[in-house]
There are 2 protein chains.
Amino acid sequence: MQPSNSLREQIIAQYDAMSAQLQQAARYVLEHPEEVALVSMREVARLAGVQPATMTRLAKYLGLPGYDELRAQHAAALRQGGDGFAAKVRQRVDEGSERGASDTASHMLQGLSAQLAKLCEPDSLRRLEATADRLRSARKVYVLGLRSSHAVAWHFHYVMTLLGERSVHLDGPGGTGGDALIRATPEDVMLVISIKPYATGTMELAQLAKEQGVGIVSITDSEVSPLVALSEQAVFCPTESDSFFHTLTPALAVSEVLCSLLAEFDRPKTLEALQQADEHLLQLNTYSEAIPRRQ
Amino acid sequence: MQPSNSLREQIIAQYDAMSAQLQQAARYVLEHPEEVALVSMREVARLAGVQPATMTRLAKYLGLPGYDELRAQHAAALRQGGDGFAAKVRQRVDEGSERGASDTASHMLQGLSAQLAKLCEPDSLRRLEATADRLRSARKVYVLGLRSSHAVAWHFHYVMTLLGERSVHLDGPGGTGGDALIRATPEDVMLVISIKPYATGTMELAQLAKEQGVGIVSITDSEVSPLVALSEQAVFCPTESDSFFHTLTPALAVSEVLCSLLAEFDRPKTLEALQQADEHLLQLNTYSEAIPRRQ
DNA sequence: TATAGTGTGAAACACATGGATCATTATTTC
DNA sequence: GAAATAATGATCCATGTGTTTCACACTATA
């Protein structure tokens, strides 16, 4: 499904030498070849977040006479790919039979995909919404997730930090993670993430918080999780995988959805917060587009 | 590869009742659905040997608001078929969006599900395997992921720690994260995780490691990511979501698959390591099945 | 044969498209 | 720090777009 492979490779090869805007355009073209073939240049430009003129410039930069040629090549590739569907599936089957590791990987990914799809069931959605609502009403959100759930907790907190200032991550060096709860009030909510086996530390802190009147909501793996008894709201996510360990991918997805729901609730404020974050990070030179020069 | 089957069937059903010109247009549309999606109406009309107005009339005859809708449906069909394997899943997304338009959460989850399914394409699987192989051959594995990628890096490291002792997480308080590289050798490999925007610190550390002869493999978001130039192997994962921020769910899934492939490689050793970990954590009272009693 | 009704083609339209130009702004380079 | 150069954004233009309108031709019925 690539436009005339050589063109695609050419874009990749010349990418590093392009200007920022050109790179942004090129990246979109690489990642959405179908759109290039199917919609107008102006629309592609809009989707890519660049000026229409930039798309023309990209085409010229690649040595093509104009944007029309760029689209023509993508269209040709799409025409081909459409019919070659059966061939592709066959290729996949062949390779699968050759190698075992691919099977493992593919099987696992398909399983995860199915698990996420399953989270769309009405009951899950209802729980997601209710949890988001509860978080929304909080003055502060304390985020707690130890051991395997640390990744999810941290990521939720990270995104919430970009979105505003209400999130407090209950973790830290030297075992001081719980100290932030010192000034917790009933106006606050704690998001607890834990899957089986449930970390003792998580349970203890959660219960302590509850005794302080803090509302508890949780992301956990079962209706019989000990967290359920503590929580006002809970979202359940599958953790089974055919590997040796439990998967956290659905839990992370759930946390991202929660972030999204919270962000969506007050779009103007979200946008403002993101812009602030952008400026801050820009001043700190946090991000770079290329490999930085060192000496 | 048919436009929204129902539309196609509708054309067939109404075909007999059409006038001669309309039939000629309809026949061409049925036989060349890709062209309808890819070229202008006037061009389709020319190819079909009818007047431009006839194409408009055909669309209206089918109950559509105009020709644009006819093309849009063909384009949607082509988009699905184009990516081949993920088509089935994608269709579910479309159907889903029809049903509950207001349901952000459901839409987002289905999108993520589709992205994971897409990772099963042969190219991705090949890259996953190659990356796992490279990691397997390493004496030590340094794991680097800053900012948003921290969650993925940490989780990979955490699982690897349960599986053995080869993993070193390049992070730590007080900005000492990179210090672990002091004794890195060419026998080691660094797993770098970074998505756009790429953290400067990540790029610098990765390049430093490379200069020390450490092999680099990466999980990143594009073929034109600056990490690709540094890496022996790279796995690409989508990060787009319809929320304000990029999603890390596919990246986490990829890291879990990598862990799984590594674990699978030497099952006996893996099992032994896991048992060791179990015993250790048991002695520390790390986990509890119920809400612990406190006083 | 006259006539109402339908199908068809040609032209006109309002608008969106890709491309080009030029002023302004960043970024180098000296 | 100034000059030169490249990159970017805004505007304009000729062309192509989908649609509508209207006149004409054809058909079927009385």
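Here the structure is a predicted model, which is why all the values come from computation and not from measurement. Just so it is clear: chains get the letters A, B, ... in the order the sequence lines come, proteins before strands, and each one is counted from 1.
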Given [N], is OP1 or OP2 found less than 4.0 Å from the side-chain N or O atoms of [X]?
{"X": "A:T56", "N": "C:dG18", "value": "no"}
{"X": "B:R57", "N": "D:dT20", "value": "no"}
{"X": "A:S19", "N": "D:dT8", "value": "yes"}
{"X": "A:S40", "N": "C:dT17", "value": "yes"}
{"X": "A:K60", "N": "C:dG19", "value": "no"}

Less than 4.0 angstrom from a charged side-chain N to a carboxylate O is my criterion; do [X] and [Y] meet it?
{"X": "A:K269", "Y": "A:E272", "value": "no"}
{"X": "A:E264", "Y": "A:R267", "value": "yes"}
{"X": "A:R27", "Y": "B:D221", "value": "yes"}

Rounded to whole Å, please give me the gap between [atom1] in [X] and [atom2] in [N].
{"X": "B:M55", "N": "C:dT8", "atom1": "CE", "atom2": "C1'", "answer": "15 Å"}
{"X": "A:Y61", "N": "D:dA6", "atom1": "OH", "atom2": "C1'", "answer": "12 Å"}
{"X": "B:Q21", "N": "D:dC26", "atom1": "CD", "atom2": "C1'", "answer": "13 Å"}
{"X": "B:R42", "N": "C:dA12", "atom1": "CZ", "atom2": "P", "answer": "13 Å"}
{"X": "B:R71", "N": "D:dT17", "atom1": "CZ", "atom2": "P", "answer": "10 Å"}
{"X": "A:R46", "N": "D:dG9", "atom1": "CZ", "atom2": "P", "answer": "16 Å"}
{"X": "B:L38", "N": "D:dT17", "atom1": "CG", "atom2": "C1'", "answer": "17 Å"}
{"X": "A:M18", "N": "D:dT8", "atom1": "CE", "atom2": "C1'", "answer": "16 Å"}

Under 4.0 Å, heavy atoms only, any strand: does A:Q51 hit a base, just the sugar-phosphate, or nothing?
base
Nucleotide nearest A:Y67 (side chain, heavy atoms from C-beta), chosen from C:dG18, C:dT8, D:dT17
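Of C:dG18, C:dT8, D:dT17, C:dG18 is nearest to the side chain of A:Y67.
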Going by heavy atoms in the side chains, are B:T56 and B:Y61 under 4.5 Å from each other?
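Of all side-chain heavy-atom pairs linking B:Y61 with B:T56, none is under 4.5 Å.
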Just by distance, no angles: are the side chains of B:T249 and A:E256 close enough, under 3.5 Å, to form a donor-acceptor pair?
yes
